[in-house]
There are 2 protein chains.
Amino acid sequence: MSQAKEMNNAPQWTIKMADGTSETLAPREGPVRKAWNCLVRLLSQFVLKIWRFLQKAWSLGANDPRKVVHCLKVGTALSVVSLFFYMRPLYESVGKNAMWAVMTVVVVFEHTVGATISKSFNRVCGTILAGFLGLGVNWVADQSGEKFEPWIAGSSLFLLASAATFSRFIPSVKARFDYGAMIFILTFSLVSVSGYRVEELFALAHERLSTIVIGTSLCIIVSMLVCPIWAGTELHNLIVRNMDKLSCSLEGCVIEYFDGSAEGGKSEPIKNLQGYKCVLTSKAMEETMANFARWEPAHGHFNFRHPWQQYLKVGASLRSCAYCVEALYGCICSETQAPESIKSHLASTCLRVSSQSSNVVKELAKVIKATSKSSTIDSVVGEMDDAVKDLQSCLADLPKLLLPLPTPEVSGLEKAERSAASLATTPLLDMVPLVTSASLLIEIAGRIKGVVEDVDELADLAEFEPADQENSKHNQPTNKIAMQKQNEEGTQKALERV
Amino acid sequence: MSQAKEMNNAPQWTIKMADGTSETLAPREGPVRKAWNCLVRLLSQFVLKIWRFLQKAWSLGANDPRKVVHCLKVGTALSVVSLFFYMRPLYESVGKNAMWAVMTVVVVFEHTVGATISKSFNRVCGTILAGFLGLGVNWVADQSGEKFEPWIAGSSLFLLASAATFSRFIPSVKARFDYGAMIFILTFSLVSVSGYRVEELFALAHERLSTIVIGTSLCIIVSMLVCPIWAGTELHNLIVRNMDKLSCSLEGCVIEYFDGSAEGGKSEPIKNLQGYKCVLTSKAMEETMANFARWEPAHGHFNFRHPWQQYLKVGASLRSCAYCVEALYGCICSETQAPESIKSHLASTCLRVSSQSSNVVKELAKVIKATSKSSTIDSVVGEMDDAVKDLQSCLADLPKLLLPLPTPEVSGLEKAERSAASLATTPLLDMVPLVTSASLLIEIAGRIKGVVEDVDELADLAEFEPADQENSKHNQPTNKIAMQKQNEEGTQKALERV
């Protein structure tokens, strides 16, 4: 009965004959064969899944070989520390507590130097502090007689563990000493419940501490000497990369909107323009990196007291630009599109504003990348301001284009008038996304000025090298822009003469 | 000489006499007194700092008493586990390895139930897997003779530690098994370098595992039974709270813009309107909570397989609304403001769009909060659509207001004409932020529809209770809106008659 049911559920092949009758081919597999097939299917799915996972892992490693290097570093540090067990003289001096060195290496070794140092510092300090407190409490409990001993030990454990756990909720502690608080609780509870006498504890504490110091110093040495990954450099590069992405997105999306063909085929595929999304979501990453970077010694261009917090400010103002770029994308992807004729009225100025704004961001990225002030930044910002003013006056001219009847102000411009008459028939509603885009571009330019201020502050705080004056005078981009402007002015005058 | 220098640096009091001469009062403090003053100042600063820190900690606890409860829970769990050391029979069965139970409690006990379960699972599985692998490798090394033993142990440690470290970079592993991978490395290295014989290791593994199981089950029991904090509930509430904040910000800022006095003093202080900023930055939090929530058993309204991932989608579309609200704030805080007369032309429709949009978001928040579908959501969305259409037609009417000369279409409306004539003198540029705001409001309404879709999907996936049909018919908000609309239509007809 149940087999018959199963047969019904199984796939059936039906053959239609030439004479109209049809014959159903029932599957002839027995239950063993079916189970076998099922097993094979499951196995192949499993193998496929594993294969895909490995492919993903491989591409992850190929994209960022430093991750692979980090893994090898961890393996090396662990192998080195395990030597303590194989080399007899060392083994005898450290004893069974060499386990703690192994544990320290596993737990403390992090991806960046800053994180490793921070965890090491936390581990050592937490252990020392909790060790001393534990010894003190043990001594007091010892002195107070056998009756009170468990009560004192228990209540001190309860109180200190609760307090230390609570401290992990305080943001300033959480950011820097979260791990230390955990190690404090761990060490204190191990010491206070171990039941050793105070004299034994001193020997134990000495061994424990020396193994931890061996483990942490090994980690710090390996992470600093073998292909070091500095949290500070990562943060620095992240901000530069985000600036580049934002400027590409900003310029690209406006070109895309006004059709890139006019600009000489600059148009990129739309997926390349979504770089700004990384800026939107990089806050947590930036904060983590800034927290670790402050632990790092001087390296590369960065001193010990490099103003990492200022990078967070720069990141925040970049993000506020990115929010507007996101809104701009919304407008640009909107269904209602302005008619081409009105679009072209604003096209050149919008393109100029976007390219000048993205030039400013690129220049800022260069400033941060080279850690030297730029002498051209003022002129680039000036160009951006000019472009914004032009766009504003274009927007102010817009109603003239919409007037159905000639007015005294525009009567001189016959051409404009004629086109205006044709434009008046187009509903204003179609223009709204265009006006919004232009207005968002102006807003973005304003927010970019905020980024400029933050980068200026960073340059002052971090004592970036002063700008190279000679270089800037013959600087290409400025010349290009100036030439472009001259050309534009020439064209306009020519038009006016016509 | 150096003292004279110091005197120069010290603060000096200068008294101007009536006869025009001035007398300088040199400080008469000796070096001891100065050192004392300095010490007192440092101490008072230190005490002040500690005092402020304690105040901050107190307010943190007062704002969220559950944090305090969590700390007490950790203290309790640690105290209970330390009983193993004090109770002899238990002590003998578990032996010195009770340390691992303490360590497990310290490391595994997390703020939410999901996080605790996830860490416990990771710890147990990582230990078991690494233990078996370690035993296998030890056995192989044992068989291969003394010469090869350290090589086999060392190379297997190096390889497995590197591989496990690499796996922590793979996003899917990192999200769920990061801690397990660390425990795997830890256990494997402890087993492989411990140098025990295989028979000893079996006994050790048994003890270690039983202590870890005791520790983890204690943690899970305490975190689930004593004032449990469920990651799922937290995520649920976070999304609801974010929706409420977003709707308040959206409605509030538009009211603020068009001056709340017209709306009967609804205007709130501007700081209350910045709630949307929480939505912008809650991505990391949401992802963490969703990751932990999937480990949790059924609780409250949520089954074991509640679609937590869908909450992330809802969160993402909420965030895309918040980006536009951020841009809207930029427009509203813009320096150039449209003249009051034009503002009032759009005021009522803009206010309607914003209040209807925020009604939709509030309704969605209600749906999620009550985990039951809403029967009014369609009508509320319909109202929003109507408001958007009205706003669009208002925008389309805008150029009529700007015309300096009467045209056939508006010649009938004398009043409008006269005001139009006065408006034509105001530059269009001042209007750009207003048009942009209106257009952003339309965009926001569009994005809110995306949220509605995501919430609908969530309601289907999570099998929310069907809507209560009876209740909805006499639903107040809908009636209110309908009445308001009738009133508006009445007013318009009256105006037309005039």
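In what follows, every chain begins at residue 1, and chains take the letters A, B, ... in the order their sequences are listed. Side chains are part of it too, since the values below use all heavy atoms of this structure and drop only hydrogens, waters and symmetry mates. Just so it is clear, the structure is predicted and the values come from calculations on it, not from any experiment.
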**Asked** Where do A:V435 and B:S439 land on the side chain to side chain contact (heavy atoms under 4.5 Å, CB included) test, with the steps shown first?
**Response** CA-CA 9 Å; A:V435 173; B:S439 151; over 6 Å; no
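Rounded to the nearest 0.5 Å, atoms CZ (B:F169) and CG (A:L60) are 8.0 Å apart. Considering CG of B:L280 and NZ of A:K283, their distance stands at 9.5 Å, rounded to 0.5 Å. To the nearest 0.5 Å, atoms CG (B:L440) and CG (A:L440) are separated by 5.5 Å. Within the model, atoms CZ of B:F158 and CG of A:L78 stand 10.0 Å from one another, a figure rounded to the nearest 0.5 Å. Distance check, rounded to the nearest 0.5 Å: NE2 of A:H111 to OG1 of B:T165 gives 11.0 Å. Rounding to the nearest 0.5 Å gives a distance of 9.0 Å between CZ of A:F166 and CH2 of B:W58.
The choice from A:V74, A:L186, A:V173 that makes the most heavy-atom pairs within less than 4.5 Å of chain B is A:L186. Annotation: maximal heavy-atom pairing with chain B below 4.5 Å, among A:S162, A:S172, A:A161, A:A57, occurs at A:S162. In terms of non-hydrogen atom pairs under 4.5 Å with chain A, the most contact-rich of B:K56, B:K73, B:R447 is B:R447.
B:A284 and A:A284 get closest at one heavy-atom pair: CB-CB, 4.5 Å.
A:R319 has no carboxylate O lying under 4.0 Å from a charged side-chain N of B:E326, or vice versa, which leaves the two without a salt bridge.
Within residues 62-71 of chain A, the residues approaching chain B closer than 4.5 Å by heavy atoms are, in numerical order, A:K67, A:V68, A:H70, A:C71.
In this structure, no portion of A:F109 lies under 4.5 Å from any heavy atom of chain B. The contact between A:L157 and chain B is made entirely by side chain atoms (from C-beta outward), counting heavy-atom distances below 4.5 Å.
Using a 4.5 Å heavy-atom threshold, the side chains of B:S189 and A:V106 count as touching.
Around CE of B:M182, the count of heavy atoms belonging to other residues, nucleotides or ligands within 6.0 Å exceeds 12.
Shown here are the salt bridge (Lys or Arg N to Asp or Glu O under 4.0 Å) partners of B:K119, two or more places apart in sequence or in another chain: B:E110.
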